[in-house]
Amino acid sequence: MSEELKGLMRRFPLGVAVVTTKWRDKLVGMTVNTFNSLSMSPPLALFLADRTRGNDVLQGKRVFSVNLTDDKDILNTFAVSPVETRFRKMKYELEEGVPVLTEAYAYMILRKVQVIDVGDHSIIVGEVIKTRMVRDADPLVYYDRDYRKIC
């Protein structure tokens with residue numbers, strides 16, 4: 001059943017983002033295709049992290065950023081490169097103590113309010129404390145194991 005489910009889900013286009021934070025004095029980040037708004041009052045957003053891939057770094061961290069990018073190389077770096085190398089070639093600035101990618105077309109800073117473990121994933125809910133639209137973009141979606149332009 002899991003291969004059938006994976007095959008079906010690969011045919012469903014998803015938005016993609018890069019979640020970043022600082023953990024044990026190290027910069028960490030991951031590409032996610034499960035980012036979404038949750039509530040406008042209070043302003044909440046969520047994403048899912050796969051705990052089987054070591055993506056449970058937000059369990060103890062209070063603040064994180066969500067970076068929207070239209071750069072496939074950045075998305076691939078945070079999806080497949082070893083965690084310890086992901087920031088080596090990235091340009092970023094620290095805001096609220098967490099890295100924000102300077103190549104992002106938009107970003108938000110969130111304060112973690114809840115983590116819900118379900119199956120092999122965690123649902124991380126954050127309260128949005130800052131948003132910034134940096135520039136216009138040609139957004140990407142993840143579809144059938146590749147990033148694709150929607151326009």
Side-chain angles (χ1 to χ4, degrees), residues 6 9-10 13-40 42-150:
K6 285 179 186 178
M9 294 307 295
R10 287 181 185 126
L14 298 164
V16 286
V18 175
V19 176
T20 61
T21 192
K22 196 170 184 182
W23 184 66
R24 296 184 180 166
D25 293 324
K26 293 181 182 171
L27 302 179
V28 293
M30 67 187 110
T31 298
V32 300
N33 61 6
T34 54
F35 172 69
N36 212 325
S37 63
L38 177 61
S39 168
M40 291 297 124
L44 302 173
L46 65 80
F47 73 95
L48 279 63
D50 183 347
R51 292 191 324 270
T52 66
R53 299 184 69 196
N55 290 334
D56 58 353
V57 297
L58 283 164
Q59 291 289 347
K61 190 61 185 164
R62 304 252 329 132
V63 179
F64 60 96
S65 70
V66 175
N67 301 267
L68 305 182
T69 181
D70 51 4
D71 186 319
K72 288 182 182 184
D73 291 334
I74 291 173
L75 292 166
N76 279 327
T77 294
F78 284 94
V80 299
S81 295
V83 173
E84 61 276 0
T85 67
R86 292 180 181 177
F87 279 92
R88 287 187 184 159
K89 295 181 182 178
M90 291 297 141
K91 296 177 185 173
Y92 64 90
E93 296 176 1
L94 292 178
E95 285 198 38
E96 302 289 330
V98 297
V100 171
L101 304 178
T102 57
E103 299 297 320
Y105 64 82
Y107 68 89
M108 61 181 67
I109 308 290
L110 301 95
R111 183 177 304 107
K112 183 185 72 179
V113 294
Q114 189 171 8
V115 176
I116 305 159
D117 291 335
V118 180
D120 57 7
H121 281 64
S122 294
I123 303 168
I124 291 94
V125 179
E127 181 175 10
V128 180
I129 56 177
K130 179 180 181 177
T131 63
R132 181 160 181 238
M133 189 70 165
V134 178
R135 61 176 171 82
D136 288 335
D138 292 320
L140 298 170
V141 295
Y142 191 69
Y143 178 79
D144 199 19
R145 297 183 184 182
D146 197 11
Y147 304 106
R148 301 169 191 254
K149 299 239 182 238
I150 58 173

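Note: hydrogens, waters and symmetry copies are ignored here, and every other heavy atom, side chains too, is used. Residue numbers run from 1 in the order of the sequence given.
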With E96, which residues qualify under salt bridge (Lys or Arg N to Asp or Glu O under 4.0 Å), at least two apart? none
Donor-acceptor pair, S37 side chain versus A45 backbone, under 3.5 Å? no
Would you tell me whether S65 and N67 have side-chain atoms, one donor and one acceptor, within less than 3.5 Å of each other? yes
If we ignore hydrogens and angles and just use 3.5 Å, is the side chain of K91 paired with the main-chain N or O of E103 as donor and acceptor? no
Keeping the roles fixed (side chain from R111, backbone from G126), state whether a donor-acceptor pair exists under 3.5 Å. no
Can you confirm whether or not the ring centre of F47 sits under 6.0 Å from the ring centre of F64? yes
Minimum side-chain heavy-atom gap K26-E84 below 4.5 Å: no
Partner of Y107 by side-chain contact (heavy atoms from CB on, under 4.5 Å), out of V134, V66, L101: V134
For the pair Y147 and Y142, name the ring-plane relationship: parallel under 30°, tilted 30 to 60°, perpendicular over 60°. tilted
Please confirm whether the backbone N or O of P99 pairs with a side-chain atom of T20, one donor and one acceptor, at under 3.5 Å? yes
Between R145 and R10, is there a donor-acceptor pair closer than 3.5 Å when you use the side chain of the first and the backbone of the second? no
Under a 4.5 Å cut-off applied to non-hydrogen side-chain atoms, are L94 and V100 in contact? no
Would you call R135-D70 a salt bridge at under 4.0 Å N-O? yes
side-chain contact (heavy atoms from CB on, under 4.5 Å) with Q114: which residues, sequence neighbours excluded? I116, V125
